[in-house]
2 protein chains.
Amino acid sequence: MKEKIKVHIADDHMILIEGIIAMLNTDKEIKVVGYSLTGMQVLDWFEKNNADILVLDINMPELDGIEVLKRFNKKKGHQRIIMLSSYDDVKLVKELTTYGADGFISKTCAGEHIIKAIKSVYNNTPYFSDDIKEGLFNLAIGQNVADGSKPESKATSSLTDRELEVLKLVAQEFSTQEMANQLLLSVNTVETYRKSLLKKLNVKNAVGLAMYAVKHKII
Amino acid sequence: MKEKIKVHIADDHMILIEGIIAMLNTDKEIKVVGYSLTGMQVLDWFEKNNADILVLDINMPELDGIEVLKRFNKKKGHQRIIMLSSYDDVKLVKELTTYGADGFISKTCAGEHIIKAIKSVYNNTPYFSDDIKEGLFNLAIGQNVADGSKPESKATSSLTDRELEVLKLVAQEFSTQEMANQLLLSVNTVETYRKSLLKKLNVKNAVGLAMYAVKHKII
DNA sequence: GTGTGTCTCACGGTTTTCCGTGAGGGCATA
DNA sequence: TATGCCCTCACGGAAAACCGTGAGACACAC
């Protein structure tokens with residue numbers, strides 16, 4: 001009998017982790033060897049231990065799955081990573097694959113997909129759950145395919161400190177005037193940052209900024 | 001041997017449901033007799049079937065747990081309801097208990113708490129998980145207890161169909177003019193809905209609306 | 001049949017956002 | 001030292017959002 005596939009699970013919901021463990025343990029070829037509730041825990045765990053597969057939730061407080069993925073990639077061994085997405089982070093898929101994600105499953109799909117995904121990526125075959133595929137398809141036919149994602153995500157981390165501050169405040173319903181007071185800046189200056197953000201993030205208005213902040217866990 | 005406690009589970013994440021089922025089935029006194037992925041499914045299910053306990057997620061698309069709870073209460077039989085909260089909906093606890101919620105558990109706590117909660121409320125003892133208790137405590141000492149939450153959350157699910165449509169569009173960066181075109185309405189009318197939303201949801205601007213939509217999984 | 005609520009629209013006014021453009025100072029690095 | 005990037009601020013104008021108020025039509029419930 002060959003060795004079992006060693007899996008580590010990261011999600012901020014203990015209940016979900018327990019559920020996945022219970023499910024995975026019904027499969028003879030898979031063994032859960034650890035879990036983490038935060039991004040930091042994941043990195044810590046992999047300092048001292050190892051697993052073949054990391055099932056990684058995108059949405060976690062503090063250090064989110066995206067950030068973990070990025071840091072992981074740098075010193076990546078032979079581990080494969082499956083991203084768990086809570087809402088449809090379809091736009092992120094392309095970007096995250098470049099960072100080394102090997103599979104995507106949405107939490108809304110049945111648990112058996114996790115087992116499928118694990119076995120698939122373990123055999124070097126990327127796995128995408130059906131709704132992710134569908135989302136990608138819709139994205140492709142709905143708008144231009146070969147543009148947005150790249151420059152948009154490229155800009156993602158190219159925000160300056162001030163821009164980031166303003167972005168956070170915008171997403172908290174503050175007006176330009178209020179932000180100026182809070183940051184001890186001129187209203188004009190805050191407006192400049194706002195304009196810069198609109199352009200960089202390629203959104204139409206403050207709502208777009210707020211949604212961006214949510215998606216990227218800036219707030 | 002006495003009859004098992006019949007449980008119905010409602011959550012929009014299939015994986016979570018499967019996990020909870022796997023866990024609950026390890027307990028001899030509990031039996032999962034059904035599950036739902038949406039609020040509507042819950043109501044439909046209880047039209048034809050019955051359970052002792054309903055484990056109800058607060059955050060579900062379309063008809064959320066709060067609304068289900070309200071409608072449920074009206075024609076409630078002897079069922080007990082345990083609310084599953086994903087983020088700390090501490091402010092809602094008081095209100096939801098008045099609507100008939102018998103227990104609260106946060107998804108961040110271990111799964112065994114669900115079992116405890118089920119047995120507890122089945123014996124007519126309300127159950128609150130530790131972090132919910134802690135949250136309530138912090139709320140109590142941190143700020144005034146008996147204020148805001150009521151009017152704010154009361155409005156929560158009392159949005160009309162049109163308001164909900166507008167809310168969705170606002171959260172997608174559409175301007176009033178664009179919404180008017182899309183909904184075949186006058187700009188004035190759309191503005192009316194927008195104003196109504198601002199008041200009902202007690203937010204300051206479009207960003208507030210968008211954030212509300214995100215929190216309540218309307219988009 | 002009288003109220004309650006939703007949907008629809010209007011008007012006038014204030015405030016805020018959005019847009020373009022320009023510009024000086026500081027700091028790093030090529 | 002020159003180039004580039006960031007931070008800071010300004011002005012003027014167009015567009016949109018925000019605010020209050022009122023009102024007609026329809027439906028449903030008490």
Side-chain angles (χ1 to χ4, degrees), chain A residues 151-152 154-214 218-219, chain B residues 62-63 66-67 70-71 73-75 151-214 218-219:
Chain A
E152 183 182 311
K154 192 178 158 192
T156 295
S157 39
S158 75
L159 298 183
T160 68
D161 292 349
R162 276 309 207 192
E163 284 166 352
L164 209 57
E165 281 186 278
V166 170
L167 178 55
K168 282 181 191 169
L169 294 175
V170 167
Q172 285 169 3
E173 295 179 54
F174 289 109
S175 71
T176 305
Q177 180 64 63
E178 289 169 330
M179 289 187 270
N181 295 339
Q182 212 160 317
L183 300 173
L184 300 175
L185 290 176
S186 141
V187 170
N188 295 308
T189 306
V190 178
E191 289 250 336
T192 302
Y193 290 130
R194 184 198 283 270
K195 278 179 279 187
S196 166
L197 285 166
L198 290 177
K199 191 165 276 183
K200 276 192 181 178
L201 304 181
N202 194 33
V203 296
K204 284 163 60 186
N205 51 37
V207 171
L209 296 180
M211 299 309 267
Y212 179 91
V214 169
I218 290 163
I219 48 122
Chain B
E62 291 172 46
L63 200 67
I66 301 170
E67 190 58 27
K70 285 183 187 171
R71 300 201 188 173
N73 202 25
K74 290 172 187 163
K75 52 177 179 180
E152 185 179 307
S153 44
K154 191 177 161 193
T156 296
S157 37
S158 73
L159 299 184
T160 69
D161 292 348
R162 275 309 206 192
E163 285 165 352
L164 208 57
E165 282 187 274
V166 170
L167 178 56
K168 283 180 191 170
L169 293 176
V170 167
Q172 284 169 3
E173 294 180 53
F174 288 107
S175 70
T176 305
Q177 180 63 64
E178 289 168 330
M179 289 188 268
N181 295 338
Q182 212 161 318
L183 300 173
L184 300 176
L185 290 175
S186 139
V187 171
N188 293 309
T189 306
V190 177
E191 289 249 339
T192 301
Y193 290 129
R194 184 198 284 271
K195 278 180 279 189
S196 168
L197 285 167
L198 290 176
K199 189 166 277 180
K200 276 191 180 179
L201 304 181
N202 194 32
V203 296
K204 284 164 59 186
N205 51 36
V207 170
L209 296 181
M211 301 308 269
Y212 178 92
V214 169
I218 289 164
I219 49 123

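So you know, we letter chains A, B, ... as the sequences are listed, proteins then strands, and number each from 1.
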A.B. asks: Quick one: does B:V203's side chain get under 4.5 Å of B:M211's, heavy atoms only?
C.D. replies: no

A.B. asks: With B:Q177, which residues qualify under side-chain hydrogen bond (donor to acceptor under 3.5 Å, both in side chains), at least two apart?
C.D. replies: B:N181

A.B. asks: Atom CD of B:E163 to atom P of C:dT6: distance rounded to whole Å?
C.D. replies: 7 Å

A.B. asks: Within this structure, what is the CG-to-C1' distance between B:L209 and D:dC18, rounded to whole angstrom?
C.D. replies: 11 Å

A.B. asks: What is the distance, to the nearest angstrom, from the CG atom on B:L169 to the P atom on D:dA17?
C.D. replies: 12 Å

A.B. asks: Can you find a pair of side-chain heavy atoms, one from B:L167 and one from B:L201, that are under 4.5 Å apart?
C.D. replies: yes

A.B. asks: In residues 175-190 of chain A, what residues come within less than 4.0 Å of DNA chain C, judged by heavy atoms?
C.D. replies: A:S175, A:T176

A.B. asks: Any side-chain heavy atom of B:K200 sitting closer than 4.5 Å to one from B:T160?
C.D. replies: yes

A.B. asks: Less than 4.0 angstrom from a charged side-chain N to a carboxylate O is my criterion; do A:E165 and A:R162 meet it?
C.D. replies: yes

A.B. asks: Closest nucleotide of DNA chain C for B:D161 versus for A:A206: which of these residues is on the 5' side?
C.D. replies: B:D161

A.B. asks: Can you sort out which residues in residues 191-199 of chain A have a heavy atom within less than 4.0 Å of DNA chain C? Ascending by number, please.
C.D. replies: A:E191, A:R194, A:K195, A:L198

A.B. asks: Using atom CZ of B:R162 as one end and atom C1' of C:dT8 as the other, report the distance to the nearest whole Å.
C.D. replies: 9 Å

A.B. asks: Is B:D161 reaching over with its side chain to a backbone N or O of B:L164, donor-acceptor style, under 3.5 angstrom?
C.D. replies: no

A.B. asks: Can you tell me how far C1' of C:dT15 sits from CZ of A:F174, to the nearest Å?
C.D. replies: 18 Å

A.B. asks: Any side-chain heavy atom of B:V166 within less than 4.5 Å of one from B:L183?
C.D. replies: yes

A.B. asks: Does A:E191 pair with A:R194 as a salt bridge, N-O distance under 4.0 Å?
C.D. replies: no

